[in-house]
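Working notes for the structure below.
Order of listing sets the numbers, starting from 1, for every ligand and every atom in it.
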Amino acid sequence: MRGGAAGRGAALRAEEPGDEDSAAAGYYDDAPGGEDGVLGFSDSLNGEVKPRILLMGMRRSGKSSIQKVVFHKMSPNETLFLESTNKICREDVSSSSFVSFQIWDFPGQIDFFDPTFDYEMIFRGTGALIFVIDSQDDYVEALSRLHLTVTRAYKVNPEINFEVFIHKVDGLSDDNKIEKQRDIQKRASDDLADAALEHIHLSFYLTSIYDHSIFEAFSKVVQKLIPQLPTLENLLNIFISNSGIEKAFLFDVVSKINIATDSSPVDMQTYELCCDMIDVVIDISCIYGLTDSEAGLPYDEESMAIIHLNNTTVMYLKEVTKFLAIVCFVRKESFERKGFLTNRQSEAPPRLIDYNFHCFKKAIQEVFDVRVEVQQNRELLSQRRWSKLTVTNGGPSNPQ
Ligand SMILES: Nc1nc2c(ncn2[C@@H]2O[C@H](COP(=O)(O)OP(=O)(O)OP(=O)(O)O)[C@@H](O)[C@H]2O)c(=O)[nH]1
């Protein structure tokens, strides 16, 4: 590895979920503020509205494991010791400028008829519903649960993206995986067709926490919730075509969620290499980049790494924002191409890729600034509406 992962001390973390084990009994803790990461439903619509991703499915299907592996860097083997979830656990993920959402982990077998379970309130603010099916288990009951959940949720909020994770496929042969997916997909669509709801779209993914498939699937779920996705893709396309890059990914460094990529096809191996490179950078920086007094993950504007592979391809990682990194695959000759010459003879011209990256980073910052501005305007507007409402309802300017 050349270059270095030299970033220091930047705060980089998904918000801690709180301790689920300490949650109160019942489906949820309805104390305002939702202590311990367990939602207080009474305050669920207050504050910043973040898209909600729900993790649902049968008991022991792997919901909590998915959350722990993707967002808490838990090693897959450790999930063997996870206790069963017995109430809804909410976690805020605000790790990047573009990725900001809440994950709600549900206990298996939620009872929709339980009066304490206000499913309308939950589904109303939901962006994506991930239904996890254990592929190593009998899935007949899971499919009827999926049908019930989807139809209920759709009635309340037809905008929800329905994502089905056919999970734990690590124990299956390739043929078996395809066969299971085909069967589950067919049965789920038939159930919807029987209820005259064939227009509800379900997306299916084969996942396992023991490889990168879970990160890839989660990335696709999250990408659908990023309104700026087409802009990001466009910027990546411009960047790669002007720099001779073959493939570029924008990653959230903490979760290794791929926020966006250029429009050329993605293959699993490339994706895995990117994840490995992020791990290398963060791990090396953690060990050698921090002094004793510093805490947290060492990642900042100086973080970068260059790895020369043995097939004349170069991997190039660079910090884009506090939480995002770009990872590119570029041929050696394109990587070494120089940009324009400066007026000063003594100065070596910069690498083209570095110069173009600089422009790309600026453009991303602008997209982010617009997002912040829109959010601020929205907040201002709702504040004005709110104050108008309170004045009209009994304030001094009430004409009656
Ligand atoms: N082989 C395999 N096992 C998995 C995978 N994901 C989770 N598991 C195992 O499945 C078991 C149940 O996982 P949990 O995450 O506790 O399941 P859950 O859906 O949250 O369960 P409840 O909280 O009871 O609803 C654990 O022993 C995990 O190690 C996977 O991808 N492959």
Apply salt bridge (charged side-chain N to carboxylate O under 4.0 Å, His left out) to the pair K362 and D369, showing each step before the final yes or no.
CA-CA 10 Å; K362 249 172 74 181; D369 289 345; over 6 Å; no
Which is closest to atom 9 (C) of ligand 1 in terms of heavy atoms, K168, Q67, K87?
K168
Do K247 and T261 have a side chain donor and acceptor closer than 3.5 Å?
yes
Please indicate whether any nitrogen or oxygen in I209 is less than 3.5 Å from any nitrogen or oxygen in ligand 1.
yes
Nearest neighbour of atom 27 (O) of ligand 1 from the list D211, L80, V69, on a heavy-atom basis
L80
Is the centre of the F71 ring less than 6.0 Å from the centre of the F218 ring?
yes
Check for me whether K256 meets the cation-pi criterion with F215, that is, NZ or CZ under 6.0 Å from the six-membered ring centre and within 45 degrees of the ring axis.
yes
Got the closest protein heavy atom to atom 32 (N) of ligand 1, with its distance?
D170 OD1, 2.7 Å
For S208, counting its heavy atoms only, list the atoms of ligand 1 lying under 4.0 Å from any of them.
31 (O)
Considering only non-hydrogen protein atoms, determine which one is nearest to atom 7 (C) of ligand 1 and report residue, atom name and distance to 0.1 Å.
S65 OG, 3.4 Å
Output yes when the distance from some N or O of ligand 1 to some N or O of R60 is under 3.5 Å, and no in every other case.
yes
Would you say E83 has any N or O atom under 3.5 Å from an N or O of ligand 1, going by distance alone?
no
Is F106 in polar range of ligand 1, meaning some N or O pair under 3.5 Å apart?
no
Any N or O on T207 sitting closer than 3.5 Å to an N or O of ligand 1?
no
